[in-house]
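Below, each value reflects all heavy atoms present in this structure, side chains not excepted, and no hydrogens, waters or symmetry copies. Since the structure is predicted, the reported quantities are computational estimates derived from the model, not experimental observations. Atoms within each ligand, like the ligands themselves, are counted from 1 in listed order. For reference, positions follow the sequence shown, starting with 1.
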Amino acid sequence: MTLINPLQFTAHEFADRMYAVCGRGRAQALALYQCFIREGQVRDTLPQFRNAPHLYEQMRQTIKVDIDPVTLIQSTERATKFLMKTHDGYLVESVIMSMQSRKSLCVSSQIGCRMACAFCHTGQMGFKRHLGPEEIVQQMFAARHVLKSSIQNVVFMGMGEPFDNFESVMQAVRVLADPLSFGIGLRRITISTSGDIQGIKTMTRDERPLPNLAVSLGAPTDAIRSKIMPRRRAEPLHDLYTAMYDYCRTKKRQILVSYVLLSDVNDSLECAEQLAIYLKGLDVRVNVIPYNASPESAFACPSQEAITAFVSRLRHHALPVFVRHERGSSIQAACGQLGG
Ligand code: SF4
């Protein structure tokens, strides 16, 4: 028997599939989909099926709604981390971050990650598997219906390199952005890559409306970058620059460049100067993220003086810079801490 998971599809894709199974009822399927996304459950009855109880029963039996349970919730004032156990026993980590009146959901796209970035817990756990689009969207579903959180922004900055799982991530974006689904505008969804050049090129060629792009740079020179982001060794910064330049020019979009600041590794004034020179000619905003050290970390947090000096040097070059202050480091929910 064909089973359909609504979280895997946009509303119209879902209705098409339901129509293929039932042979009728596209409009009713749309109503069923919207009710499920809005209320988090399949109701016993729906007015649209008043005259078609058998059709409703058939559709209800076709829907696959085995939602993974939320197994752990940890909260601080500004961050809530939650874990869901997948059908094959892995844990997916997600974080809700509160900023002023807005809430952003940081989602995972993989279990583990192949990129092995030295400053990242997920990178240290190795790669287990990709998440399907429904497993990515389910993180949003849980945030809304289990944690009762109204989410305005979604960022792909959890476990995994999103471009390593390109198709599933893009399908999840389409579902999240669908006005008949969660309706998160594309300008409120950000895909963050550790610098996957092919992924950036694919986004540049894609003529459909796109979410925002963020690039985690790590370092301003290939020598430092290949030490802390070893899997990016084969993709020199020069080639990454060309890909980002083409993206900004073709799409007329800005890139958010993330830079995790590691004490005595990439936080010197010389690094700030090299970074500013590297970014010249690109339409970027720079997000400086002071590293969140844990007891087993191989790296240390930068000092406040180093952060201030680094940021000032970038601003001296007229770069728009902001510092992302720690949210959730005490519950291992800050940048680079998922997967711990
Ligand atoms: S920082 Fe991102 S790309 Fe690098 S290992 Fe961690 S999850 Fe993967």
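- In the vicinity of Cys120, heavy-atom distances shorter than 4.0 Å reach the ligand 1 atoms 1 (S), 5 (S), 6 (Fe), 7 (S).
- For Asp206, the salt bridge (Lys or Arg N to Asp or Glu O under 4.0 Å) criterion is met by Arg208, not counting sequence neighbours.
- Because the distance cut-off is set at 2.8 Å, Cys113 fails to qualify as a neighbour of atom 4 (Fe) of ligand 1, as none of its N, O or S atoms comes that close.
- Near Ser194, with a cut-off below 4.0 Å to any heavy atom, the atoms of ligand 1 are 3 (S).
- Asp88 and Arg129 are joined by a salt bridge, as a carboxylate oxygen and a charged side-chain nitrogen come within less than 4.0 angstrom of each other.
- At a cut-off of 3.5 Å, with distance as the only test, a side-chain donor of Thr193 or Glu161 sits close to an acceptor on the other residue.
- Every atom of ligand 1 with a heavy atom of Ala116 under 4.0 Å away is listed here by number and element: 5 (S).
- Every pair tested for ring pair (Phe, Tyr, Trp, His ring centres under 6.0 Å) that includes a residue from residues 212-236 fails, sequence neighbours excluded, so the list is empty.
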